[in-house]
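See below for the structure under consideration.
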Amino acid sequence: MPGFMEFKDSISGQEGRAYATINGRIEEMFYLKKFEADVEKVKTEGKTLGKRGTQHKANGWKGTGSMTIYYVTTMFRQLMLEYMKTGKDTYFDVQITNEDPASTIGKQTTVIKGINLDKVTMALLDVDAEALEEEVSFTFHDADILDQFGKPVLGQ
């Protein structure tokens with residue numbers, strides 16, 4: 001009889017930590033609601049003799065992402081304002097750790113490197129919002145995995 005993953009080993013989205021390293025300063029991102037960094041391969045299309053279909057070859061990648069944060073920090077607005085006023089752009093890293101103590105798979109720690117902001121909300125009012133949130137989009141140019149999830153203990 002094959003084993004199966006028990007649902008208790010899924011990772012709760014609330015069990016984690018995030019830290020930003022900006023200009024050598026480490027800041028805990030307690031205001032973070034959601035963070036997502038995606039890597040997409042960049043591919044070239046081509047055709048060859050003897051094959052009618054279009055083929056693809058990976059020749060690079062691009063990193064994009066977004067974070068939803070509670071509207072309680074001015075940090076990202078300050079970074080964007082500095083770029084607007086002086087042209088000085090800032091690149092920074094974010095370390096994300098997923099670690100659910102109810103799971104048997106342990107923790108995963110990922111560092112997203114060279115984050116550069118695309119879009120920041122400079123001011124926000126919303127009479128219908130119970131809590132103000134903002135969406136911050138970004139690109140990045142590198143990543144590392146410092147800790148890897150283990151294998152779950154399988155149920156029978």
Side-chain angles (χ1 to χ4, degrees), residues 5 7-46 54-152:
M5 185 182 119
F7 186 70
K8 69 179 180 72
D9 283 325
S10 63
I11 301 298
S12 169
Q14 296 178 10
E15 299 292 348
R17 296 174 304 283
Y19 299 92
T21 303
I22 303 172
N23 295 325
R25 190 181 80 252
I26 297 174
E27 171 158 340
E28 185 171 5
M29 299 175 72
F30 56 84
Y31 43 77
L32 188 66
K33 184 175 178 184
K34 181 178 179 182
F35 184 94
E36 185 171 343
D38 299 312
V39 173
E40 181 180 345
K41 285 184 183 177
V42 176
K43 296 182 179 184
T44 302
E45 290 185 354
T54 300
Q55 298 176 47
H56 300 87
K57 178 179 180 179
N59 65 1
W61 63 274
K62 63 180 179 177
T64 59
S66 65
M67 53 184 149
T68 304
I69 60 175
Y70 290 107
Y71 191 74
V72 297
T73 180
T74 308
M75 182 176 63
F76 300 114
R77 279 180 281 289
Q78 286 285 35
L79 293 175
M80 190 61 83
L81 192 61
E82 183 175 17
Y83 176 72
M84 291 168 58
K85 301 289 186 183
T86 69
K88 181 178 181 251
D89 211 355
T90 302
Y91 293 80
F92 60 94
D93 300 343
V94 171
Q95 179 175 305
I96 302 287
T97 300
N98 303 102
E99 185 173 23
D100 186 342
S103 175
T104 65
I105 65 170
K107 71 178 177 180
Q108 175 178 276
T109 304
T110 306
V111 180
I112 306 302
K113 297 180 174 183
I115 291 176
N116 186 252
L117 302 175
D118 290 335
K119 180 182 166 192
V120 173
T121 300
M122 292 304 285
L124 178 63
L125 287 174
D126 184 347
V127 297
D128 293 325
E130 292 182 22
L132 291 177
E133 299 175 359
E134 60 183 303
E135 188 80 19
V136 178
S137 61
F138 59 86
T139 56
F140 64 94
H141 63 243
D142 200 4
D144 281 320
I145 297 175
L146 305 180
D147 300 303
Q148 297 182 33
F149 287 133
K151 294 185 187 244

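Separation of atoms CD (Gln78) and CD1 (Ile22) is listed at 11.5 Å; rounding is to 0.5 Å. Separation of atoms CG (Leu79) and CG (Asp89) is listed at 9.0 Å; rounding is to 0.5 Å. Going from atom CE of Met84 over to atom CZ of Arg77 covers 12.5 Å, rounded to the nearest 0.5 Å. Note: Lys107 NZ to Asp147 CG = 4.5 Å, rounded to the nearest 0.5 Å. The distance from atom NZ of Lys113 to atom CD of Gln95, rounded to the nearest 0.5 Å, is 10.5 Å. Rounding to the nearest 0.5 Å gives a distance of 9.5 Å between CE of Met80 and OG1 of Thr121.
When the shell of 6.0 Å around OH of Tyr83 is examined, it contains 12 or fewer heavy atoms from other residues, nucleotides or ligands. Enclosure of atom CD in Glu15 by more than 12 non-hydrogen atoms of other residues, nucleotides or ligands within 6.0 angstrom is indicated. The number of heavy atoms from other shown groups lying within 6.0 Å of NZ (Lys43) does not exceed 12. Counting non-hydrogen atoms of neighbouring residues, nucleotides and ligands closer than 6.0 angstrom, the CD1 atom of Ile26 reaches no more than 12 such neighbours.
Between Thr73 and Ile69, the shortest heavy-atom distance links the atoms CG2-CD1, 4.0 Å. Closest approach of Gly114 and His141 over heavy atoms only: CA-CE1, 3.3 Å. The two atoms that bring Ala123 and Tyr71 nearest to each other are CA-OH, 3.5 Å, heavy atoms only. Shortest non-hydrogen contact noted between Ser103 and Ser10 is CB-O, 4.2 Å.
Aromatic rings of Phe138 and Phe35 (six-membered ring for Trp) have centroids within the 6.0 Å cut-off, being under it.
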- Step-by-step side chain to side chain contact (heavy atoms under 4.5 Å, CB included) determination, Met67 to Tyr31: CA-CA 10 Å; Met67 53 184 149; Tyr31 43 77; over 6 Å; no
- Message: Leu32 vs Ile96, test: side chain to side chain contact (heavy atoms under 4.5 Å, CB included). Steps then yes/no.
- Response: CA-CA 11 Å; Leu32 188 66; Ile96 302 287; 4.3 Å; yes
- Task: Please lay out, stage by stage, how Lys62 and Thr139 fare under the test side chain to side chain contact (heavy atoms under 4.5 Å, CB included).
- Result: CA-CA 8 Å; Lys62 63 180 179 177; Thr139 56; over 6 Å; no
- Run the side chain to side chain contact (heavy atoms under 4.5 Å, CB included) check on Leu81 and Val120 step by step: do they pass? CA-CA 10 Å; Leu81 192 61; Val120 173; over 6 Å; no
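At distances below 3.5 Å, at least one donor-acceptor pair connects side-chain atoms of Asp9 with backbone N or O atoms of Thr104. A donor-acceptor pair is defined here as one N or O able to donate and one able to accept, closer than 3.5 Å; such a pair exists between the side chain of Asp100 and the backbone of Ala102.
Within the 4.5 Å cutoff, the side chain of Ile105 has heavy atoms near those of the Ile11 side chain.
Screening Met29, Glu27, Glu28 for a side chain to side chain contact (heavy atoms under 4.5 Å, CB included) involving Tyr19 leaves a single residue, Glu28. Of the listed residues (Asp93, Ile112, Thr64, Asn116), just one forms a side chain to side chain contact (heavy atoms under 4.5 Å, CB included) with Phe140, and that residue is Ile112.
Side chains of Ser66 and Ser137: a donor-acceptor N/O pair is absent below 3.5 angstrom, by distance only.
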